[in-house]
Amino acid sequence: MNKPELLVTPQSLAHIPALLEAGADAFIVGEQQFGLRLAGEFTLQDVKEAVALVHAAGKKIYVAVNAIFHNDRIEALDAYIAEVAKLQVDAFVFGDPAVIMACREQGITIPLHWNPETTATNWFTANYWGERGANRAVLARELSMDEVVEIKENAEVAVEVQVHGMTCMFQSKRPLLGHYFLYQDKVMAIENRKDNRNMFLHDDERSNKYPIYEDVNGTHIFSPNDMCIIDELDELFEAGIDAFKIEGVLQTTTYVTKVTALYRKAIDTFFDEGAEAYDAIRDELQAAVEEIQPDHRPLDTGFIFKETVY
């Protein structure tokens, strides 16, 4: 077994040194025009400086180009990929096949990570995209532990799994805020509409608050809870999962840095000291996350232990 890569989402160039110190192995950056639900906005100059900083530490940096590209955005995508390729990033994270075509047409050989969000649910499709240039599949967050393990056993590409943070439940290309929920004038209402990154959709019937925001890619609605399986990582370790992702979107830099350090401790303890050592501290790690968890973001284990009904 090899240690899984610890992948994080920095909010700014200034955030990266703290994450490096906390033990992050890789970083996802980019611009919202080309990437979905980024924790922070990184211009080409920011990416250039981030690459130098991260590579100096022997770590990796990936650029998100996982938006949906209609024909009117292809020309800008081609130009963007060409510029980013010059910066020697370690991979492009993509979902739209337009990215593969753009790379082929320009002779760009930078590795590709396939991330279609909710549809990466089986090893056959992961291998399909592997045959077309991807060397990693980012699995859907709605999979159970058994399904994740089965995919890893059969995948011919590396497998990435989210282990912490919120999950996007819904995206629309339309600017829905104020168009639908407020128009309906029912049980849901938008809070803090003027603050684009501090808004919640209230569902009184379920007693849930869903983070919601708009950007150039449309409207994004997130899960009411944050996923956290820091005390349940051993089966993923044993399965040989290649990368663990900490999703830091809509969280503070301090929170993401502390969570990164805790997952670093979990990984190092298991691989350097053994399964029993990890078992001895799993409750301590969970308690440490709960201590810094925002009150409005309850923790759960996502779909990882939900039973699949066929």
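These numbers come from a predicted model, not from an experiment. One is the number of the first residue; the rest follow in order along the sequence.
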Check the hydrophobic clustering (I, L, V, M, F, W, Y; side-chain heavy atoms under 4.5 Å; chains of links allowed) and say if [X] and [Y] are grouped together.
X	Y	result
Ile61	Trp114	yes
Val54	Val47	yes
Val63	Leu44	yes

Atom CG of Asp272 with >12 non-hydrogen neighbours under 6.0 angstrom: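 Result for CG/Asp272: enclosed.
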4.5 Å side-chain heavy-atom contact, [X] and [Y]:
X	Y	answer
Ile246	Leu7	no
Leu236	Val148	yes
Gln286	Leu299	yes
Thr269	Ile281	yes

Check: His113/Asn66 side-chain N/O donor and acceptor closer than 3.5 Å: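 Side-chain D/A pair, His113 to Asn66: absent.
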Tell me, please, which residues at least two apart from [X] pass salt bridge (Lys or Arg N to Asp or Glu O under 4.0 Å).
X	value
Lys60	none
Arg132	none
Asp279	Arg282
Glu31	none

N/O donor to acceptor pairs below 3.5 angstrom from side-chain atoms of residues 17-26, sequence neighbours left out:
{"residue": "Asp25", "atom": "OD1", "partner": "Lys59", "partner atom": "NZ", "Å": "3.4"}
{"residue": "Asp25", "atom": "OD1", "partner": "Arg264", "partner atom": "NH1", "Å": "3.4"}
{"residue": "Asp25", "atom": "OD2", "partner": "Leu6", "partner atom": "N", "Å": "2.9"}
{"residue": "Asp25", "atom": "OD2", "partner": "Arg264", "partner atom": "NH1", "Å": "3.0"}

Lys/Arg N to Asp/Glu carboxylate O, Glu5 vs Arg136, below 4.0 Å: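 Counted as a salt bridge, because a side-chain N and a carboxylate O are separated by less than 4.0 Å.
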Would you check if the side chain of [X] reaches a backbone N or O of [Y] as a donor-acceptor pair within less than 3.5 Å?
X	Y	value
Thr301	Ile304	no
Tyr263	Val163	yes
Ser223	Thr167	yes
Asn127	Gly130	no

Test ring-ring contact (aromatic ring centres under 6.0 Å, His included) applied to Phe27 - qualifying residues, sequence neighbours left out: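 With neighbours one apart ignored, the set is empty.
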Arg37/Glu247 under salt bridge (charged side-chain N to carboxylate O under 4.0 Å, His left out): CA gap, chis, key distance, verdict: CA-CA 10 Å; Arg37 294 176 285 278; Glu247 179 55 78; over 6 Å; no
Matching residue for Gln251 among Asp226, Val259, Thr9 - test: side chain to side chain contact (heavy atoms under 4.5 Å, CB included):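 Testing each of Asp226, Val259, Thr9 against Gln251, the sole residue satisfying side chain to side chain contact (heavy atoms under 4.5 Å, CB included) is Asp226.
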Intermediate values then yes/no, side chain to side chain donor-acceptor pair (under 3.5 Å), Tyr255 and Gln293: CA-CA 8 Å; Tyr255 175 87; Gln293 189 68 17; 2.4 Å; yes
Parallel, tilted or perpendicular, as decided by the 30° and 60° cut-offs, for the rings of Tyr80 and Phe34: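 Ring orientation, 0 to 90° scale: parallel.
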Phe237 ring center near Phe271 ring center (under 6.0 Å):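 Between Phe271 and Phe237, which both carry aromatic rings, the centre distance is below 6.0 Å.
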